[in-house]
Every structure is written in structure tokens, then in C-alpha cells.
Amino acid sequence: MALKQDLAGRLGKHGQEHLLQFWDDLDEDGRELLAKEIESIDFEQLDRLIAELVRGGGEAPEVAADRVLPIDVVRMPQTDGERAARRRATEAGEEALAAGEVGVVLVAGGSGTRLGFAGPKGTFPIGPVSSASLFQIHAEKLVALGRRHGKQPPLYVMTSPENHETTVEFFEKHDRFGLDHVRFFVQGRMPAVDLETGKILLAGRDRLAMSPDGHGGTLAALAGPGDAGCEPSCLAEMGDRGVRTLFYFQVDNALVEIADPTFIGLHRQAQAEMSFKVVEKMAPDEKVGVVVLVDDRPQVIEYSDLPKALAEKRGDDGQLAYWAGSIAIHAFETAFVERLVGGLKLPFHRAIKKVPFLAPDGRTVQPAEPNAVKFEQFIFDALPASERFVIVETDRAVEFEPLKNAVGPDSPATVHQRMSDLFGGWLEQAGAVVPRRSDGTVPFAIEISPLFALDAHELKSRIEPGLVVERPIYLR
Ligand code: UTP
């Protein structure tokens, strides 16, 4: 009883006492579970978020257009001088890889609601011929990098409490895909609240509706206890191993060039703390955040918050003035992450979602319309805190096709096509003949395992020129 009264007193101060409405029906275990979940919540912080992002409407105030300027980007090399500079950067990145100073952070804690796949998104069979999972493809790139540079970068995989166990089991089942060193760390959670009232939703009689705290949760989670409480934290372990630079990417992009030495080299040559890869936005209304300067500080403005006049503005050459679309590929210095977790708090954003919940009559409701606000931090909000940064352009055809949806854009079908087109191009560069449709796409599935070749250059040494590709092919 004392526990119930204690909890009721705390919850009452924050208008959340309804969380105890089924308390009397619960057994000891259920009460313990519920009490633990309630105690894990920072109610002062939650009150502020509800006031600002639920009751306050939650729309970020649009930045005044006169405070925003385009940011300098290291563009794709056009001249011999630029190509030579890129080569020097590549060498610097290769040296860092060979010295074992590069670690890789893969964030895979998202719920993958749009894809609607039963399992962590990283386990989705995305290989167009092999049906290899996203995790397998990423892991094979690391194994191949290790062969090439003599040191395999350690991999740190962020999971969420919901998918941690399944993710770890998947890696174990596949003998960790031959990785030398992989660690899993769990991100934090935030409660989901009712869109109208700001009340925390119950997922069950003894459980709150909790969801991962966004990819911005990576920073705090890296410094927290790693695999189910094992010491040291991932961040501390990186320090012990001599890892200084982190390559960060998200699980859903099968094309990502993991630990790309040129990007790492550009980042290190500039002594940057955080760096971004960007692609040219295809249209003013494309839904990607753009990297800009606001009051002379670097920042990402989400597509929905970029003033329309700026989104549509074009230079004399006809190119969008604010074109640098972030593709969620970053480099970080570990020292920067340490500095951030010691002080900076990333802001929370709101995401309006359909969240099933327990109604007061004890029935579970599956809402047909979005009914809840989730609170998420975004990794790109760390950028304004970096003293030095580099923004590097890459080619989206080569490096960006995320798996988000079950059908339509950014779906398995588009990822398969993009992978096949990319690998078809590698084969052509290696002297093979690959059929193309009139729009330039290849007419059947082509896949190259990273263990066979990590790039077009390597593929050249692995196949006979004159190879004619006439049917689906998987090179492994
Ligand atoms: P998205 O924001 O696209 O979310 O995450 P999602 O979970 O993949 O899909 P939806 O929105 O529920 O349909 C982009 C990347 O960030 C990771 C995801 O795993 C994905 O790699 N992420 C996202 C996390 O690791 N944690 C989070 O809390 C959110």
C-alpha cells in the first residue's frame, strides 16, 4: 500500500495518476514492473515536453529567412586539383583505418513501423538475389574493410529495449557474420502520451507505452552501460582500444559505404568534431533535412521547417540554393561525444503516431488514426555544438536508398533496383556487358557480396573482362 501511495503522490503532481488505475488487479510482479517503469521517468522533463510539444502545438517556429545562409560543402571533385585533394584525403582515412583508430556505430533501435516487418529492420532480407539481411551486408563490408586495411573496425550496434534480444540472437545465429568485435548497446526510452490530453498511455495493466528516444539517443547510450549492463561503456572501451573517430550510419541504407576512407580523411584533415555526408536535393519539397548556416552556426533544418522561399530559391546556375540534403551518415570524434554527454542536452522533437493503448475499461484499442505523441531526439542536432565540421557531397545513386516503406518509394523494390543498378555499373567498369532498359536501369537482379568486392576498382581484379551478364547473378 505504501508503494501505491508513494507512486500516487508523485504521479498526482504531474496529472498522471491514471497510470495506477489497474494497480489493485495486479499481482506482486506486475506491481513491481509498473513501479519500475514509473520510476524510470523524469516527470519534470516530461511536463516540459508536454507543455511545449503537445499543449503548445509542437510546431517548431520557422527560422527567419534572413538568418539562414547556404553552408560550404566539399563538392564532388571536378578538376585535377580537386581529385588530387580527394586522393590525399583517402590516404589519410586509410591510415586511420590501418592504425585501428576508426570505430563504426550502426543505429538499429528504430521501430520500423512504416516497413511493418515482423522483426528488427536489420534482419530484413534485402539482398536482391541472395536475400542477405541488412545486418549481413553491413557486417560483410566491415569484414572486407578489415582484410583491406589489416584492421577490422570494431562495430557498435545500437538496439532498443524492444529489439535488443532478437538483434543479438540474430547475430549469434549467424556467428556474428565473421566480425572480430561487435558490441550491442541499448538506447533509452520515452513514454508516449495522448495527443489531446498529454496523459501517458498504458500499453498494458502493468506497462506504459514506451518507445525508443530517437537516434539522438545514441550519444547518451554510447556512454551508458553496454551489453545488458556490461562494463565498460562502449565509449570507454573505444578509448581503451585507441578508437578516435566514429563512422555513424543507420541500418536501413544498404548502399552506405561504411567507414569510407575519403570521408574519414576529409573529416580528420579538417580536425572536425562532427561531419556530414549530403546529397543534392532532387526537388524543393523532397523530404530530407538540409544542412545550412543559421546565424553563422551549422544546423540541419527539417524539410517541414525550411521557409518555402528558401526551399525554392535557386542560384544563377538553376541549382537549388539550399540543396545539401542530409543522408544520416556522419563522422564523430569520440572526444566530441564525450564532451556532449558531459553537458549538452539534445532537444526533443515530437512524432505523431498510432500507438495502441489500454482504455479505462481494460480493452486494448488499435487506433485507426494517429492518437499519440512520441518524443525523439535527432542525432543531427549535435552539429551546432561542433567547433569544426566538414560537409561532404556524395552521389545518391551510389550511396543512398533507405528502406522505409513496404511498398512505393524507399521500399524493398526500389532498394533492389538501386542495388542492381549500382552493381551493374561496377560490372561495366570492370569490362562486363550488362543489359540496360531505355531508362538506364538494369532489367534483372545483380548482387555483389562485399566479401567478393568492396568497390568497382576491386571488382576489376576479380572478373574477366568481356563477361556477358544475361540473368540474375550473385557474386560471392
Ligand atoms: P527512422 O526515423 O526512419 O525510423 O529511423 P524507423 O524506426 O526506421 O522507421 P519508422 O519511422 O518507425 O517507420 C532512421 C534510423 O534511425 C534508427 C533506425 O533504426 C534507423 O536506422 N533509429 C530511429 C534508432 O536507432 N532509434 C530510434 O529511436 C529511432
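None of these values were measured; they are calculated from a predicted model.
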Gap separating the CG atom of Asp395 from the NZ atom of Lys277, nearest 0.5 angstrom: 10.5 Å
Distance-only polar pair, side chains of Thr245 and Glu333, donor-acceptor under 3.5 Å: yes
Stepwise ring pair (Phe, Tyr, Trp, His ring centres under 6.0 Å) test for His215 and Tyr248: CA-CA 11 Å; His215 39 69; Tyr248 163 104; 7.0 Å; no
Minimum-distance pair of heavy atoms, taken over all atoms of Val341 and Ala223: CG2-CB, 4.0 Å
Plane angle bin for Phe135 and Phe170 - parallel if under 30°, tilted between 30 and 60°, otherwise perpendicular: tilted
Whether Phe336 and Phe332 hold their rings parallel, tilted or perpendicular, with breakpoints at 30° and 60°: parallel
Gap separating the OG atom of Ser275 from the CZ atom of Arg268, nearest 0.5 angstrom: 11.5 Å
Sidechain-backbone polar pair: Asn163 side chain, Ala108 backbone, donor-acceptor under 3.5 Å: yes
Cationic tip of Arg75 above Trp323 ring, under 6.0 Å, 45° of axis: yes
Side chain proximity check, Phe185 to Ser233, heavy atoms < 4.5 angstrom: no
Beyond-backbone contact of Gln187 with Thr218, side-chain heavy atoms, under 4.5 angstrom: no
Worked verdict on Glu280 versus Glu393 for side-chain contact (heavy atoms from CB on, under 4.5 Å): CA-CA 8 Å; Glu280 192 171 328; Glu393 182 185 16; 4.1 Å; yes
All N/O donor-acceptor pairs, side-chain side in residues 111-121, below 3.5 Å, sequence neighbours left out:
{"unit_1": "Lys121", "atom_1": "NZ", "unit_2": "Asp252", "atom_2": "OD2", "d": "3.3"}
{"unit_1": "Lys121", "atom_1": "NZ", "unit_2": "Leu403", "atom_2": "O", "d": "2.8"}

Note, Phe276 side chain near Val392 side chain (heavy atom, < 4.5 Å): no
Any donor-acceptor N/O pair, Asn405 side chain to Val407 backbone, under 3.5 Å: no
Side chain proximity check, Pro370 to Lys353, heavy atoms < 4.5 angstrom: no
Polar side-chain atom of Arg176 near backbone of Val182 as donor-acceptor pair, under 3.5 Å: yes
Residue pair Arg476, Glu140: steps toward the salt bridge (charged side-chain N to carboxylate O under 4.0 Å, His left out) verdict: CA-CA 11 Å; Arg476 188 187 162 81; Glu140 288 185 355; 2.8 Å; yes
Gln417 to Arg437 - nearest heavy-atom pair and separation: OE1-NH1, 3.5 Å
Heavy-atom pair of closest approach, residues Ser326 and His330: OG-CE1, 4.3 Å
Pairwise side-chain contact, Asp455 with Arg148, heavy-atom cut-off 4.5 Å (strictly under): yes
Closest heavy-atom pair and its distance - Ala324, Val73: CB-CG2, 4.1 Å
Separation between CD1 of Ile264 and CD1 of Ile258, rounded to the nearest 0.5 Å: 11.0 Å
Closest approach of Pro154 to Arg241 (non-hydrogen atoms, all atoms of both residues): CG-NE, 3.8 Å
Electrostatic pair Glu286-Arg396, nearest N-O below 4.0 angstrom: yes
Glu165 CD: over 12 foreign heavy atoms closer than 6.0 Å: no
Residue pair Asp410, Lys287: steps toward the salt bridge (charged side-chain N to carboxylate O under 4.0 Å, His left out) verdict: CA-CA 12 Å; Asp410 300 336; Lys287 293 182 177 168; over 6 Å; no
Approximate separation, where rounding is to 0.5 Å, of Glu369 CD and Lys354 NZ: 7.0 Å
Intermediate values then yes/no, side-chain contact (heavy atoms from CB on, under 4.5 Å), Leu310 and Val63: CA-CA 11 Å; Leu310 297 187; Val63 187; over 6 Å; no
Heavy-atom check, side chain of Tyr322 versus side chain of Ile71, under 4.5 Å: no
Leu422 CG to Glu399 CD distance, which is reported to the nearest 0.5 Å: 10.0 Å
Within 6.0 Å of CG in Asp295, more than 12 heavy atoms from elsewhere: yes
side-chain contact (heavy atoms from CB on, under 4.5 Å) assessment of Leu246 paired with Leu222: CA-CA 11 Å; Leu246 300 179; Leu222 276 174; 4.2 Å; yes
Heavy-atom side-chain contact between Phe247 and Val256 under 4.5 Å: yes
Parallel, tilted or perpendicular, as decided by the 30° and 60° cut-offs, for the rings of Phe380 and Phe378: tilted
Donor-acceptor contact below 3.5 Å, side chain Glu401 vs main chain Arg418: no
Candidate pair Glu312 and Lys308, rule salt bridge (charged side-chain N to carboxylate O under 4.0 Å, His left out), full reasoning: CA-CA 6 Å; Glu312 291 178 349; Lys308 195 161 179 269; 3.4 Å; yes
Neighbour count above 12 (heavy atom, 6.0 Å) for Arg471 CZ: no
Arg87 bridged to Glu94 by N-O distance under 4.0 Å: no
Exercise: identify the closest heavy-atom pair between Val434 and Gly424: CG2-O, 3.7 Å
Check: Val251 main-chain N/O paired with His138 side-chain donor or acceptor under 3.5 Å: yes
Nearest-0.5 Å distance, CD1 of residue Ile379 to CD of residue Glu376: 13.0 Å
Residue pair Met190, Leu49: steps toward the side-chain contact (heavy atoms from CB on, under 4.5 Å) verdict: CA-CA 11 Å; Met190 288 292 285; Leu49 294 177; 3.6 Å; yes
Over 12 non-hydrogen atoms of neighbours within 6.0 angstrom of CD in Glu172: yes
Qualifying residues under side-chain hydrogen bond (donor to acceptor under 3.5 Å, both in side chains), relative to Glu273, sequence neighbours excluded: Arg339
Flag side-chain contact, heavy atom, 4.5 Å: Pro450 against Val143: no
